[in-house]
Peer 1: 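Once you've had a glance at the structure underneath, I'll fire off some questions.
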There are 2 protein chains.
Amino acid sequence: MKEITIQQNKVLDCIQEYINKTGFPPTRADICRKLGFKSPNSAETHLRALEKKGYITIESGASRGISLVNHGNDHDNGFPIIGLVAAGSPTLASENIEKTVNCPANFFGSNFDYFLRVRGLSMKDAGIMEDDLIAVKKTQDIKNGDIVIARIEDEVTVKYFERKSPELIKLKPANKDFNDIEVDLRNTEIFIEGKSIGLIREN
Amino acid sequence: MKEITIQQNKVLDCIQEYINKTGFPPTRADICRKLGFKSPNSAETHLRALEKKGYITIESGASRGISLVNHGNDHDNGFPIIGLVAAGSPTLASENIEKTVNCPANFFGSNFDYFLRVRGLSMKDAGIMEDDLIAVKKTQDIKNGDIVIARIEDEVTVKYFERKSPELIKLKPANKDFNDIEVDLRNTEIFIEGKSIGLIREN
DNA sequence: AATAGTACTGAATATTTATACAGTATATTA
DNA sequence: TAATATACTGTATAAATATTCAGTACTATT
């Protein structure tokens, strides 16, 4: 997805906020009022830039014809719940989807991509229990201490992430009955699916 | 809620469908096109009837100023999050509401009433951590082993519920650092606010 | 040095749109 | 029987709105 400028992002946020508040999109003039522009053409040019970059669509001729494009994820019908099987990677393939959960994309503050159903108690002390649903954000932006979804040679696991050195990654469980997993990148391949940014428990 | 006629319902469905499809509400003319009316005033009168009956709101003067009113439950603006303060009962009074969370009423299988923000770690081994949000269903239908929100003389607490005898209730923490609370109904008053039917963690 | 994108003001305008008014007709309620 | 709500057509129009054109200025890229 193409990058957008700070001003274009302000316009995008403004549209989002307007729709949330009123239920319908703003006019050029509405955007001007909100952002302090003096000419409707200021809004127009930003809108056209956002349209060109794929963030919105504009219905030609119609008033308030702006609609936000859901990009990255198409979670109109809810977010998929993916079962965490001991072996095999969690994919968004439909056969792995238990069901879907309807909630806002920014439910956990930041956007996320899918839910993972937890098996086992290796993260018990982090409050992650069997059958809990972890909200997973697909990202490579991982910091030490993040709870990551990692795949090591077809084995998928949820653990604390800790980079010990450029070649050594430690995956730490939150349960003293489980052992740390040390991954030497020189002889083992590891893929970080993403990180946990939230949790849902149904009981 | 006032009843609506078949035609008014068609118009309401039409608006819903139009918004789902385009992202913005229809004009009078759009509704005419969809429903085969020949005069924009046909749509207008139906809209005014729907407005009068509380099913939609119409922003005067604005184009496409129709927005659907969510009715059915009073959680249109989301479910309130109530802070669990050490002393004092959680009430739905607005001063106690941190913010609201938007999610379906049956998000956790069964309907619930509000979220409670957890303080302390007394239910740690049940996977309930500090700052977690417990989905609370206001009910007196409690079984042994349920996680209840109990008020004992202005002190609110979240614990496992266990009825030992008609006069004795035990509230059990899920953390060995905390002690069981035994409540003798003959000399202590206890009020069960409800039980936890789910949990959300934002991190 | 030229081109393209960003970021605006300001004005003009054709089109879109809400909305009022004038009718007709039927059904329901007081 | 009168009043009110429903359910339309048809016309008219003021206001709302998108959109184009003409500028200015800055920045980054080729």
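Below, chain A is the first sequence line, B the second, and so on; all start at residue 1. Small disclaimer: the values here were computed from a predicted structure and weren't measured.
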Peer 1: Would you say a side-chain N or O of B/S63 is under 4.0 Å from OP1 or OP2 of D/dT17?
Peer 2: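 So the side chain of B/S63 is within the cut-off, an N or O lying under 4.0 Å from OP1 or OP2 of D/dT17.
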Peer 1: Output one line per pair: protein atom, nucleotide atom from nucleotides 9-12 of chain D, and distance, for all N/O pairs under 3.5 Å.
Peer 2:
residue, atom, partner, partner atom, Å
D/dT9, OP1, B/K38, N, 2.9
D/dT9, OP2, B/K38, N, 2.9
D/dT9, OP2, B/S39, N, 3.1
D/dT9, OP2, B/S42, OG, 2.7
D/dT9, O4, B/N41, ND2, 3.1
D/dG10, N7, B/S39, OG, 2.6

Peer 1: Measure from NE2 on A/H46 to P on D/dA18 and round the result to the nearest Å.
Peer 2: 16 Å
Peer 1: Check step by step if salt bridge (Lys or Arg N to Asp or Glu O under 4.0 Å) holds for B/R201 and B/D132.
Peer 2: CA-CA 5 Å; B/R201 181 175 304 147; B/D132 282 358; 2.9 Å; yes
Peer 1: Could you go step by step and tell me if B/I19 and B/I15 meet the side chain to side chain contact (heavy atoms under 4.5 Å, CB included) rule?
Peer 2: CA-CA 6 Å; B/I19 292 174; B/I15 296 166; 3.9 Å; yes
Peer 1: Before you tell me yes or no, could you show the steps for A/D146 and A/Y160 under side chain to side chain donor-acceptor pair (under 3.5 Å), namely the whole-Å CA-CA distance, both residues' side-chain angles and the distance that decides it to 0.1 Å?
Peer 2: CA-CA 6 Å; A/D146 282 351; A/Y160 282 122; over 6 Å; no
Peer 1: With side chain to side chain donor-acceptor pair (under 3.5 Å) as the test, would you mind laying out the steps for A/R64 and A/T27 before giving the verdict?
Peer 2: CA-CA 5 Å; A/R64 302 178 188 272; A/T27 64; 5.0 Å; no
Peer 1: With axes from five pairs an end, tell me the bend angle of the helix from C/dA1-D/dT30 to C/dA30-D/dT1, nearest 10°.
Peer 2: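 End-to-end axis angle: 30°.
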Peer 1: Using whole Å, report how far CG of B/L50 lies from C1' of D/dA5.
Peer 2: 13 Å
Peer 1: Is there a salt bridge (Lys or Arg N to Asp or Glu O under 4.0 Å) between A/E155 and A/R151 once you walk through the steps?
Peer 2: CA-CA 5 Å; A/E155 183 93 14; A/R151 192 176 72 222; over 6 Å; no
Peer 1: Between A/S60 and B/T5, which has a closest nucleotide on DNA chain D that is more 5'?
Peer 2: B/T5
Peer 1: Taking 5' to 3' order, which nucleotide of DNA chain C is first and which is last to have an atom within less than 4.0 Å of a heavy atom in chain B?
Peer 2: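 Contact boundaries, 5' end first: C/dT17 to C/dA22.
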Peer 1: State whether A/K164 and A/E162 are salt-bridged, where the test is any N-O pair (Lys NZ or Arg NE/NH1/NH2 against Asp/Glu carboxylate O) under 4.0 Å.
Peer 2: yes
Peer 1: Taking only side-chain N and O atoms of B/K52, does any of them lie within less than 4.0 angstrom of OP1 or OP2 on D/dA5?
Peer 2: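 True: B/K52 side-chain N/O within range (under 4.0 Å) of D/dA5 OP1/OP2.
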Peer 1: What nucleic acid atoms does B/E44 come within less than 4.0 Å of, heavy atoms only: base, sugar-phosphate, or nothing?
Peer 2: base
Peer 1: Starting from C1' on D/dA18, measure out to CD1 on A/I31 and report it in whole angstrom.
Peer 2: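 Atom-to-atom, A/I31 to D/dA18, this comes out as 12 Å.
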Peer 1: Rounded to whole Å, how long is the line connecting atom CZ of A/F24 with atom P of D/dA16?
Peer 2: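 These atoms are roughly 13 Å apart.
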Peer 1: Take A/K195 and A/T139, measure what side chain to side chain donor-acceptor pair (under 3.5 Å) needs, and give me the verdict at the end.
Peer 2: CA-CA 7 Å; A/K195 65 180 174 184; A/T139 178; 5.8 Å; no
Peer 1: Considering non-hydrogen atoms only, spot the tightest contact between A/Y18 and A/D30 and give its length.
Peer 2: OH-OD2, 3.1 Å
Peer 1: Distance check needed: D/dA5 P versus B/I4 CD1, whole Å only.
Peer 2: 17 Å
Peer 1: Hey, are A/R119 and A/D131 close enough for a salt bridge, meaning a charged N less than 4.0 Å from a carboxylate O?
Peer 2: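 So A/R119 pairs with A/D131 through a salt bridge.
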Peer 1: Is the number of heavy atoms from other residues, nucleotides or ligands within 6.0 Å of NZ (B/K34) greater than 12?
Peer 2: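 Not more than 12 within 6.0 Å, no.
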Peer 1: Is a salt bridge present between A/K138 and A/D113, judged by a nitrogen-to-oxygen distance below 4.0 Å?
Peer 2: no
Peer 1: Please figure out whether A/Q8 or B/R64 has its closest DNA chain C nucleotide nearer the 5' end.
Peer 2: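 Its nucleotide being nearer the 5' end, the pick is A/Q8.
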Peer 1: Please indicate whether B/E189 has more than 12 foreign heavy atoms, meaning atoms of other residues, nucleotides or ligands, lying under 6.0 Å from its CD.
Peer 2: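 Result for CD/B/E189: open.
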Peer 1: Using whole Å, what does the distance between atom C1' of nucleotide D/dA18 and atom CD1 of A/I58 come to?
Peer 2: 10 Å
Peer 1: Does D/dT6 have OP1 or OP2 under 4.0 Å away from a side-chain N or O of B/T45?
Peer 2: no
